[in-house]
Asks: 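I have a structure here, written as structure tokens, and I will follow up with some questions on it.
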2 protein chains.
Amino acid sequence: MLRGNMATVDHSLVAKLPLFAGFGTEELDEILREARSLRIAKNRNVFEQGEDAHSFFVLLHGHVRASKTTPMGEQVVVRYVAPGETFGVAMAIGLQRYPATATAVDDSVALAWPSATWPRLVARFPALAANTLQTIGSRLQETQTRVVEMSTQQVEQRVANALLRLAKQSGHKVEHGVEIGFPISRQDIAQMTGTTLHTVSRILSSWESRGLVEGGRQRIVLREPHKLFMLAEPSPDGSEPPARP
Amino acid sequence: MLRGNMATVDHSLVAKLPLFAGFGTEELDEILREARSLRIAKNRNVFEQGEDAHSFFVLLHGHVRASKTTPMGEQVVVRYVAPGETFGVAMAIGLQRYPATATAVDDSVALAWPSATWPRLVARFPALAANTLQTIGSRLQETQTRVVEMSTQQVEQRVANALLRLAKQSGHKVEHGVEIGFPISRQDIAQMTGTTLHTVSRILSSWESRGLVEGGRQRIVLREPHKLFMLAEPSPDGSEPPARP
DNA sequence: GCGGAAGTTTGCGCTGGCGCAACAATGGCA
DNA sequence: TGCCATTGTTGCGCCAGCGCAAACTTCCGC
């Protein structure tokens with residue numbers, strides 16, 4: 001079954017989504033009635049950069065990578081979407097087209113609303129706009145943090161930060177540490193941190209030899225998150241002179 | 001006069017702000033009644049990173065720089081605020097504290113609302129949330145563009161892009177080109193592009209010798225915006241192989 | 001008009017990380 | 001089971017841009 005109606009969706013799960021914070025059962029039903037659910041097979045695109053923003057989504061299962069391609073053909077990973085998060089909300093922020101490509105990195109399931117329903121839903125449930133504002137605000141924060149890191153940190157620190165963030169978002173405990181909950185290549189990490197897969201590979205190799213992480217094909221386990229954290233965090237020990245007195 | 005009521009503010013100007021798009025005169029009055037206007041002398045902070053987010057602002061005159069300081073004491077310029085733009089909207093996106101420091105780079109005037117009024121205003125005028133959503137969405141776009149640039153471009157291209165953006169936002173025509181409309185140092189540009197003031201200085205010197213720009217103390221005139229644009233734009237001529245086939 | 005602070009320019013040497021290249025390991029699929 | 005495509009590893013040389021340092025210029029306050 002590729003598409004279904006909402007009767008098949010776990011209601012108690014949907015009710016917990018940030019997007020629907022503060023909504024009652026009836027309101028929820030009214031909103032969900034407009035959505036369809038869809039499966040996305042691993043490595044398929046949900047939508048592509050530049051495409052008309054026909055729908056917005058909430059991810060229910062799986063993981064989705066949002067990436068941008070430059071005119072030169074280089075790719076940059078914008079973020080990974082975890083279950084419960086919204087994506088493709090271009091229309092809500094005033095865009096006619098998707099600014100990035102969304103690719104399932106695992107078999108995934110999402111709810112989809114036609115973008116055209118957004119204005120009506122917002123008019124009827126103003127809290128939707130407020131909730132989305134919080135979400136987009138958080139994303140802005142994260143993106144700015146990334147800019148700061150890229151401006152001030154070395155590659156090794158950036159990679160450490162990226163992995164810690166992924167582990168926090170989508171990590172699950174395994175025998176010897178925390179494993180990133182979806183397939184991710186050296187290339188992907190490079191595209192998240194503004195470096196090359198070669199450099200990422202070297203860094204991970206070095207970490208592996210020190211017992212900090214354990215790697216595999218598209219697979220990373222953090223064995224010593226605390227040590228990684230120390231690597232990531234530039235210690236403000238020696239008092240740096242403020243640049244602008 | 002440091003603080004005044006709204007009677008002194010040019011009404012036709014305020015009515016054009018994106019934040020108040022679609023508002024009628026009476027609604028506008030009701031909102032403006034809650035604001036106070038304030039002057040900020042050049043080089044004074046409107047608020048500081050980490051400080052309690054007591055107010056949000058709309059800039060009426062002047063220019064404000066938003067910057068973040070890392071634990072190591074390094075500064076990164078997040079953006080420059082031009083007249084008409086909102087800033088310090090931390091509360092609206094769910095933050096208790098300002099995530100950055102706002103500094104007037106010129107004598108400036110702003111409207112200020114206590115953050116506590118935001119929930120009430122939004123409840124009364126849902127369009128406020130929608131408008132703010134658009135604004136924050138645009139900012140997210142810009143910040144992501146910056147991430148992409150920092151990931152894929154050389155320093156020279158990034159500086160060119162930064163200057164072109166500043167010129168578009170706050171440039172005014174002068175005899176021999178377009179001048180950035182506020183004082184900006186090499187250091188500032190370095191902090192916008194993730195490099196050092198030395199490198200920026202070298203680049204600008206090189207450009208100046210080629211007649212592309214004209215520099216001065218805290219002053220930059222773009223004499224050949226089009227040539228700068230060509231420098232900034234990585235030409236996708238030779239077809240680059242797509243990284244992810 | 002003078003002195004000092006802030007901003008800018010420029011030379012020099014060094015290095016983090018990139019680009020290239022070759023090879024190895026892994027997993028999917030026939 | 002064996003082949004092939006994808007992904008990962010590693011050595012080597014190079015260079016864009018950083019860090020340091022010194023000198024110069026402009027502006028501002030006294």
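Every chain is numbered from 1 and lettered A, B, ... according to where its sequence line falls, protein lines coming before strand lines. What's counted below: heavy atoms across the whole structure, side chains too, no hydrogens, waters or symmetry copies.
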Asks: Should we say atom NE2 of A:H226 is surrounded by more than 12 heavy atoms from elsewhere, each under 6.0 Å from it?
Replies: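 Open: at most 12 neighbouring heavy atoms sit under 6.0 Å from NE2 of A:H226.
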
Asks: Less than 3.5 Å apart, any donor N or O on the side chain of A:R165 or A:T145 sitting next to an acceptor on the other?
Replies: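 Distance-only check fails for A:R165 and A:T145.
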
Asks: On a plain distance test, is the side chain of A:R202 in donor-acceptor contact with the base of C:dG19 below 3.5 Å?
Replies: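 In this structure, the two groups form a donor-acceptor pair.
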
Asks: Can you tell me the distance, in whole Å, between the CG atom of B:L204 and the P atom of C:dG7?
Replies: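 For the pair B:L204 CG and C:dG7 P, the rounded distance is 16 Å.
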
Asks: Please pick, from D:dA16, D:dG8, C:dT9, the nucleotide with the shortest atom-to-atom distance to any side-chain atom of B:S205.
Replies: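 In terms of side-chain proximity for B:S205, the closest of D:dA16, D:dG8, C:dT9 is C:dT9.
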
Asks: With rounding to the nearest 0.5 Å, note down the distance linking CD in A:E74 to OG1 in A:T69.
Replies: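 Result: 10.0 Å between the selected atoms.
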
Asks: Does a sphere of radius 6.0 Å around CZ in A:R210 hold more than 12 heavy atoms from other residues, nucleotides or ligands, not counting ones at 6.0 Å or beyond?
Replies: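 Yes - once you tally the heavy atoms of other residues, nucleotides and ligands closer than 6.0 Å, there are more than 12.
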
Asks: Taking the side chain of A:Q154 as heavy atoms from C-beta outward, which of C:dG17, C:dT8, D:dC18 is closest to it?
Replies: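 Minimum distance to the A:Q154 side chain belongs to C:dG17.
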
Asks: Quick one: what's the B/S/- string for nucleotides 23-28 of chain D, heavy-atom cutoff under 4.0 Å, read 5' to 3'?
Replies: ---BS-

Asks: Testing A:E85, A:Q169, A:E142 for side chain to side chain donor-acceptor pair (under 3.5 Å) with A:R79, which one passes?
Replies: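 By the side chain to side chain donor-acceptor pair (under 3.5 Å) criterion, A:R79 pairs with just one of A:E85, A:Q169, A:E142: A:E85.
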
Asks: Nearest whole angstrom, please: distance from the P of C:dT26 to the CD1 of A:I220.
Replies: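 One finds 16 Å between P of C:dT26 and CD1 of A:I220, rounded.
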
Asks: Examine C:dC18: is either OP1 or OP2 under 4.0 Å from a nitrogen or oxygen in the side chain of A:T199? Give yes or no.
Replies: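 For A:T199, the contact criterion (side-chain N or O under 4.0 Å from OP1 or OP2 of C:dC18) is met.
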
Asks: Take atom CD1 of A:I184 and atom C1' of D:dT6, then tell me their distance rounded to the nearest Å.
Replies: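 About 16 Å, once rounded to whole Å.
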
Asks: Provide, to the nearest angstrom, the distance between the CD atom belonging to B:E74 and the P atom belonging to D:dG19.
Replies: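 So the CD-P distance, B:E74 to D:dG19, works out to 9 Å.
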
Asks: Which one, D:dG8, D:dC18, C:dT9, comes nearest to the side chain of B:H198?
Replies: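 Nearest to the side-chain atoms of B:H198, counting from C-beta on, is C:dT9.
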
Asks: What do the steps show when you test A:N45 against A:T103 for side-chain hydrogen bond (donor to acceptor under 3.5 Å, both in side chains), and what is the final call?
Replies: CA-CA 4 Å; A:N45 291 342; A:T103 310; 2.8 Å; yes

Asks: For C:dG7, does OP1 or OP2 lie under 4.0 Å from any side-chain N or O of B:S185?
Replies: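 No, no such contact exists.
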
Asks: When the distance from CZ of A:R219 to C1' of C:dG27 is rounded to whole Å, what number comes out?
Replies: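 Those two atoms, CZ and C1', are 14 Å apart.
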
Asks: Return the value, rounded to whole Å, for the distance between atom CD of A:Q191 and atom C1' of C:dC18.
Replies: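 Between C1' of C:dC18 and CD of A:Q191: 15 Å.
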
Asks: What do you reckon, are the aromatic ring centroids of A:H172 and A:F182 less than 6.0 Å apart?
Replies: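 No, the ring of A:H172 stays outside the 6.0 Å limit from the ring of A:F182, centre to centre.
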
Asks: Could you state the CD-C1' distance from B:Q218 to C:dA6, rounded to the nearest angstrom?
Replies: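 From B:Q218 CD to C:dA6 C1': 8 Å.
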
Asks: Expressed as a whole number of angstroms, how long is the span from A:Q157:CD to C:dG16:P?
Replies: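 Computing the A:Q157:CD to C:dG16:P distance gives 13 Å.
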
Asks: When all nucleic acid strands are considered with a 4.0 Å heavy-atom cut-off, which category describes A:S201: base, sugar-phosphate, or nothing?
Replies: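 The residue A:S201 makes base contact.
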
